[in-house]
Amino acid sequence: MSRSLFCSPAPGTLQVSALPAFADNYLWVLHDDTHAVVVDPGAAPPVQHFLQQRGLTLSALWITHHHADHTGGIAALRAQADVPVYGPALECIPQRTQALAAEDTLQLNHPPLRAQVLHLPGHTAGHLGYRVAGPVPWLFCGDTLFGCGCGRLFEGTPAQLLDSLHQLQRLPQDTLVFSAHEYTQANIRFALEVEPDNPALQQRARDCAALRAAGQPTLPSSMALECATNPFLRCTEPGVIRSVQARCQVAHSDELSIFTALRAWKNRF
Ligand SMILES: [Zn+2]
């Protein structure tokens, strides 16, 4: 099953399609009407089916981090097409051909696109984000930023993940956020515990419930929406500080102390 999120108004226009995989992953495909780039191919069959159905040629694989649900389909896809595999220099990525670091730029002709590489440590040590230039910028952020949430700390410190989220907050507010998992509704339930009186969050809960009831993804979101509703981006808001101090026995009110306690609270939620 695949879902095209953006219709293509003219031949050759770049679009993004969401391929659901496993329980709640999205494999994101950037494509025009002839070529495709796949972000985090955790499984090959949904990608193979989509390419065949659309008559698309695979051009490249972009990997955000080493976890199996983001890399498991690389071998099978490369067995069919000898495409480059872009991934973090700091991590062990199967069949990686291009090792990437912060500030690297990717330029592709088919499909035509340009992306800037961001280093976003925290969930994993070498985690990357891909920021695609365009009239509306796109961000493929893997397991760093989720709809109304953020990734777990497997290989990094709270300070590293907070710094990575700050990098993302500084992107243009209209940047569309393509996270790798459909976690938004569960994250909203937690966010409402933290900020029950946030009207933008209450509206997002209604909007996402309607999308899921209609079988639609809640993604992409936008940086503006995340900044208004995602508690992990709001650790300097008085309401978030009050909730965390009340629930987590935190004496300090600085952003890192609040973020650290909030992440630990979410792990228990
Ligand atoms: Zn992961």
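Atoms within each ligand, like the ligands themselves, are counted from 1 in listed order. We use all heavy atoms of the structure for the numbers below, so side chains are in, but hydrogens, waters and symmetry mates are not. Predicted model, so just to flag it, every value in this text is computed and none were measured.
Applying the 4.5 Å side-chain rule to ILVMFWY residues, one finds Phe146 in the same cluster as Tyr183.
Angle NE2(His123) to the Zn ion (ligand 1) to OD2(Asp143): 90° [nearest 10 degrees].
Of the N and O atoms on the side chains of His35 and Asn109, not one donor lies less than 3.5 Å from an acceptor on the other residue.
Aromatic pair His127/His66: ring centres not closer than 6.0 Å.
Among heteroatoms of the N, O or S kind in His67, ND1 lies nearest the Zn ion (ligand 1).
Taking 2.8 Å as the threshold, His65 counts as a candidate ligand of the Zn ion (ligand 1), since one of its N, O or S atoms lies below it.
The only option from Phe140, Trp62, Phe178 that meets the ring-ring contact (aromatic ring centres under 6.0 Å, His included) definition with Tyr130 turns out to be Trp62.
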